[in-house]
Amino acid sequence: LKPYPEGLADNLVSVFQTRPPQYTWKNSSFEAPSADTLIIYELLVRDFVEKHDFKTIRDTLDYLQRLGVNAIELMPVNEFEGNSSWGYNPSMYFAVDKYYGPANDLKELIDSCHSRGMAVIMDIVLNHSYNSNPLVRLYWNSTTNQPASNNPWFNVTTPHYYSFGGSDFNHESNATRAFVDSVCHYWINEFKFDGFRFDFTKGFTNKSSTNDATVSAYDASRIAILKRIGDRIWSYRPDALLILEHFAANDEEKELASYGFLLWGTAKFRYQAASTSRSDWNMSIAEASWVNRGWTVPGIVDYMESHDEERIMSLNLTEGEAVGGYNIKDLTIALKRIKLTATFFMTIPGPKMLWQFQELGYDYAKNYNNDPLGPKPIRWDYYTIATRKNLYDNFSALAELKKSEPAFSSGNFSIYESGETKRLNIQHADMDVVVIGNFDLFPRDIAPNFTRTGTWYEFFRGTAIDVSAANQNTPISLLQGEYRLFTSKQVARPAFLTGIEDNYLEDATGLLFEVYPNPFRERAVIEFGGDDRYQPHTVELISASGAVIKMINAPAGIDEIELDGSEMAPGVYYLKVTSGRASSVKRLVRY
C-alpha cells in the first residue's frame, strides 16, 4: 500500500494502476455444483487464518477438500470501512479489500478452488452502503446528515423497519439497477465468482413498514426487484448460485425458490435446542424440510451455524442439560451431540452450509470478549485433538455420502418427531434411507419404519440387519445421544469412520473397555483396554431411566473389575466408564 498523503488530502484516497498485472487463469470455465448437492463452507478470512489473507486461505484448500465441501462462501471481501470487520459495512464495490491482499491473490484462490471442484460464492451487501461511499457523498445533505433528496441511488431515510447503519439503496431507481448490474457482472466476469449470497434481501424494498411482521409480509415489488437482478445475472452466467438472506413470509420465499433462488433456512435455532436437549426451547427441525414448507424445489440452504448464530458446541458446554450420569456439558458427550445433530442436518435433502470450524466443535461464544463482531481465536490445533478430529471425520463421511448418493437429493422424504426422538425416512429408486436419533437425556425406543424388507446396512457401525414384514417397525433402543443411519443398499464406508460408541482421549490414546458375558446373570467382568488400561477409571452402573445406581472407582494399575449382579433386577442397564476427560458407554443386560 502507498502511504496516505498526510496534509494533502481529506477523507479517502485511491491508488490505481493504468496497466495492472494480468492474471492468467488455469480454469477459464467452471460449472457450479447443482443446488441439491451443495455443501457450502462459510468463512471469514480474518478469523480463519492467522495471516488474514487470500494466499493463506489457498493453503487450507486440502483441509476443505478432505472435509467434502464443494463451495466456499467468503464473507464480504470488497472494500469496507476500517480494516478489521465482518464486511457488512461496505464502502467500495469494485475494490478488493486491502486487508486481505491484492486482487490477483483473490483470483488465484478462486482458480485453485475451481481446480478442486469447489465453487466460490461472494457474500455482498446491496441493501445499504456506509457513508464513505462516493455515491452517498456525491449527493449529501450536510444539514440533516442524510442522503440528499435528489440522490439517484439512495433513499433519504430507510423506509423499512430494519436499519444497519449507513444509507439505504433505493432499488426502484434506474440508477441503482444499473449500479447493481455493473457490480454483479464485474465480480463474476473479472474474478469468476460462481454466484452471490445477497445480504438482507428483505430490505430490497421501498415499501414502508414499522415492524418485522409488516416488512416480512408478501411484497410483490420486492419480488420483482429480485427477479430482475437474477434474470440479469443468469443472462450471462446461467448456473450462477444466487442465495438470499431473506427470512420473509413463506409464500414469498416459495415463489423466489421456484424462480431459481436459494434462501437461507430457518431451522438453525432448532438444531441448537436439539443438541443441548433444552426442552424449553423449540427443538423441532421440521422447517429444515423444503417439502414441509410446501416448496416445489430444494431451495432452502439449511445450516446449524452461520456467522450470525451462537456456536452449538459453546451452547452444549454452557447450556447443555444433565441427568444422572449423562451430562451434555461433558466435552466427550458434547462432541457426540454435535455428531447426532449433524447426522440429521447433513442427510435431510437440500443444500447445506457449514460455518468455519463447526466441523471441529468450535466452542468460543459469538460474544467472545464481549464483542460479537470482534476477532475470535483461530484454533487449527483442534484438528490434532482426536475427539475433535473424529467429529471432522464424521462430517466428511456424511458430506461424501450426500454428494455421491442420489437418495439424498430425493423429494420423497419425511421427518418424524416424538418428544425428543427424531426419524428421517427417505425413499428413492436407488435406495431408501432411515435415520433415527435420541436427543433425550434418557434411553428411548424409536420405531424405524423401514420402507423395504431385506438387508439394511448401518453406515457408522458397518453392521447389517435383516428386515422382514414382521420387524419392519419394531422399535430400536438407543442410548441418550445415540443415532443410526440405515441404507437399503450397502454404500462405501470410509476406513477412518469409527463406531458411534468409540471415544478417544485428547492425547489420542483410545478409551476402550469390554464387558462379558453380556447378557449375564451372576457376574460380569469389565476389562479396560487400549493404552490407558492402567489409568484410574470410574465405572457407573446406570438404570434404563438414567439413574446412577452404583459407582466403582478402579485405581491405577487395575485392568479389570468384576460386577456382582446378585442384587440387580433383570433388565437393561448401561455402563459408563470414564478416564480423565473421556468416557464411553455400553449397554448391559442382566437376565
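The residues of the chain are indexed from 1 along the displayed sequence.
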Asker: Check this for me: does any side-chain nitrogen of one of K192 and D111 sit under 4.0 Å from a carboxylate oxygen of the other?
Answerer: no

Asker: With ring centroids as reference points, do F48 and W380 lie under 6.0 angstrom apart?
Answerer: yes

Asker: Quick check for you: to the nearest 0.5 Å, what is the distance between M92 atom CE and Y130 atom OH?
Answerer: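 Output value for this atom pair is 15.0 Å.
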
Asker: What is the distance from atom NE2 of H307 to atom CG of L373, rounded to the nearest 0.5 Å?
Answerer: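 Reported to 0.5 Å precision, the distance equals 9.5 Å.
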
Asker: Using atom types as modelled and distance alone, determine if a side-chain donor or acceptor of S488 lies under 3.5 Å from a backbone N or O of D432.
Answerer: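 At least one qualifying donor-acceptor pair exists.
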
Asker: Quick one: CD on Q358 to CD on E309, what's the gap to the nearest 0.5 Å?
Answerer: 10.5 Å

Asker: Give a yes or no on whether the backbone of W25 and the side-chain of S28 come within a donor-acceptor separation of less than 3.5 Å.
Answerer: no

Asker: Look only at the side chain of D105 and the backbone of K55, and say whether a donor-acceptor pair between them is shorter than 3.5 Å.
Answerer: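 Not a single qualifying donor-acceptor pair exists.
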
Asker: Does the pair R228/D181 count as a salt bridge with the N-to-O cut at 4.0 Å?
Answerer: yes

Asker: Please determine if D62 and R116 form a salt bridge, counting it only when a charged side-chain N lies under 4.0 Å from a carboxylate O.
Answerer: yes

Asker: First locate atom CZ of R337, then atom OH of Y483, and finally report the distance between them rounded to the nearest 0.5 Å.
Answerer: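 Here the rounded value is 11.5 Å.
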
Asker: Name the one of Y392, F395, Y41 that satisfies ring-ring contact (aromatic ring centres under 6.0 Å, His included) with Y63?
Answerer: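 Between Y63 and the candidates, ring-ring contact (aromatic ring centres under 6.0 Å, His included) is satisfied uniquely by Y392.
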
Asker: Between W355 and Y362, does the ring centre distance come in under 6.0 Å?
Answerer: no

Asker: Applying the side-chain contact (heavy atoms from CB on, under 4.5 Å) test to Y23, which of L106, I110, N104 qualifies?
Answerer: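 Exactly one candidate clears the test, N104.
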
Asker: May I ask you to check whether F261 and W234 place their ring centres under 6.0 Å from each other?
Answerer: yes

Asker: For Q427 and S410, test the side chains for any donor-to-acceptor distance below 3.5 angstrom and give the result as yes or no.
Answerer: no

Asker: Do side-chain atoms of N27 reach the backbone of S29 as a donor and acceptor pair under 3.5 angstrom?
Answerer: no

Asker: Are R237 and D194 close enough for a salt bridge, meaning some N to O gap below 4.0 Å?
Answerer: yes

Asker: If you measure from CH2 on W281 to OG1 on T276, what distance do you get to the nearest 0.5 Å?
Answerer: 4.5 Å

Asker: Nearest 0.5 Å, what's the SG-CD1 distance between C184 and I233?
Answerer: 4.0 Å

Asker: So, H52 versus Y99, ring centres under 6.0 angstrom or not?
Answerer: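 Yes, the ring of H52 comes within the 6.0 Å limit of the ring of Y99, centre to centre.
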
Asker: Does R278 pair with E319 as a salt bridge, N-O distance under 4.0 Å?
Answerer: yes

Asker: Any salt bridge (Lys or Arg N to Asp or Glu O under 4.0 Å) pairs touching residues 244-260, not counting sequence neighbours?
Answerer: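 Matches after skipping sequence neighbours: R197-E245, R222-E252, K227-E255, E253-R293.
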
Asker: Is the count of non-hydrogen atoms from other residues, nucleotides or ligands lying under 6.0 Å from K98 atom NZ greater than 12?
Answerer: yes

Asker: Check whether the side chains of H160 and S209 place a donor and an acceptor atom closer than 3.5 Å, and report yes or no.
Answerer: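 Not at all, the side chains of H160 and S209 share no donor-acceptor pair under 3.5 Å.
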
Asker: Take a 6.0 Å sphere around CZ of R232 and say whether it holds more than 12 heavy atoms from other residues, nucleotides or ligands.
Answerer: no

Asker: Please evaluate residues K422 and E417 with respect to the criterion salt bridge (charged side-chain N to carboxylate O under 4.0 Å, His left out), reporting the C-alpha separation (whole Å), side-chain torsions for both, the decisive distance (0.1 Å), and the verdict.
Answerer: CA-CA 4 Å; K422 302 183 190 296; E417 300 177 280; 2.5 Å; yes

Asker: Is there a side-chain contact between M313 and I338, using heavy atoms and a 4.5 Å cut-off?
Answerer: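 M313 reaches I338 side chain to side chain.
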
Asker: What is the ring orientation for F193 with F191, classed by angle as parallel under 30°, tilted 30 to 60°, or perpendicular over 60°?
Answerer: tilted

Asker: Can R484 and E482 be counted as an ion pair, charged N to O under 4.0 angstrom?
Answerer: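 E482 and R484: salt-bridged.
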
Asker: Counting N and O atoms only, with roles assigned by atom type, does the side chain of S115 sit under 3.5 Å from a partner on the main chain of S112, one being a donor and the other an acceptor?
Answerer: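 Yes.
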
Asker: Tell me, yes or no, whether the heavy-atom count around E190 atom CD, taken from other residues, nucleotides or ligands under 6.0 Å, exceeds 12.
Answerer: yes

Asker: Could you check whether K268 and S306, counting side-chain N and O atoms only, form a donor-acceptor pair closer than 3.5 Å?
Answerer: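 No.
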
Asker: Side chains of Y259 and D231: donor-acceptor distance under 3.5 Å anywhere?
Answerer: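 Side-chain D/A pair, Y259 to D231: present.
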
Asker: Measure the shortest side-chain to side-chain distance between P349 and I426 over non-hydrogen atoms and say whether it is less than 4.5 angstrom.
Answerer: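 Yes; the side chains approach each other to less than 4.5 Å.
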
Asker: Grab the two heavy atoms, one from P76 and one from V125, that are nearest each other, plus how far apart they are.
Answerer: CG-CG2, 4.2 Å

Asker: Side chains of V120 and L109: does their closest heavy-atom pair fall under 4.5 Å?
Answerer: no

Asker: Going by atom types only, do N390 and R388 share a side-chain donor-acceptor pair under 3.5 Å?
Answerer: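 The answer is no; no qualifying pair exists.
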
Asker: Can you spot which of F344, F345, F439 makes a ring-ring contact (aromatic ring centres under 6.0 Å, His included) with Y271?
Answerer: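 Considering F344, F345, F439, a ring-ring contact (aromatic ring centres under 6.0 Å, His included) with Y271 is found only for F345.
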
Asker: Apply salt bridge (charged side-chain N to carboxylate O under 4.0 Å, His left out) to K352 and D36, showing your working.
Answerer: CA-CA 9 Å; K352 304 297 171 185; D36 57 344; over 6 Å; no

Asker: Before accepting this row, confirm whether a basic side-chain N of the pair R46/D53 lies closer than 4.0 Å to the acidic partner's carboxylate O.
Answerer: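 Salt bridge flag = no for D53 with R46.
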
Asker: Could you tell me whether the side chain of E405 and the main chain of F408 form a donor-acceptor pair under 3.5 Å?
Answerer: no

Asker: Just by modelled atom types, is the Y93 backbone N or O under 3.5 Å from a matching donor or acceptor in the W187 side chain?
Answerer: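 Yes: the side chain of W187 pairs with the backbone of Y93.
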
Asker: So does M75 get a backbone contact from the side chain of D123, meaning a donor-acceptor N/O pair under 3.5 Å?
Answerer: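 No; judged by distance alone, with no hydrogens or angles, the pair does not exist.
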
Asker: Would you find a donor on one side and an acceptor on the other, under 3.5 Å apart, between the side chain of H246 and the backbone of A248?
Answerer: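 Not a single qualifying donor-acceptor pair exists.
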
Asker: Checking D363 side chain against S314 main chain: does a donor-acceptor pair fall under 3.5 Å?
Answerer: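 Checking the backbone N and O of S314 against the side chain of D363, no donor-acceptor pair under 3.5 Å is found.
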
Asker: Is the distance between the ring centroids of Y162 and F200 under 6.0 Å?
Answerer: yes

Asker: Quick check on F94: does its CZ atom have over 12 non-hydrogen neighbours (other residues, nucleotides or ligands) under 6.0 Å away?
Answerer: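 Yes, enclosed.
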
Asker: Does a side-chain heavy-atom distance below 4.5 Å link R58 with E108?
Answerer: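 Side-chain contact under 4.5 Å: yes.
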
Asker: For a side chain to side chain contact (heavy atoms under 4.5 Å, CB included) check, start with the C-alpha distance between Y303 and L354, then their side-chain angles and the critical distance, and finish with the verdict.
Answerer: CA-CA 6 Å; Y303 55 93; L354 303 175; over 6 Å; no

Asker: For E81, what residues pass the salt bridge (charged side-chain N to carboxylate O under 4.0 Å, His left out) criterion, not counting sequence neighbours?
Answerer: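 Once residues adjacent in sequence are excluded, E81 has no partner under the salt bridge (charged side-chain N to carboxylate O under 4.0 Å, His left out) criterion.
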
Asker: Can you confirm if the aromatic rings of Y236 and H185 lie within a centre distance of less than 6.0 Å?
Answerer: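 Ring centroids of H185 and Y236 are less than 6.0 Å from each other.
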
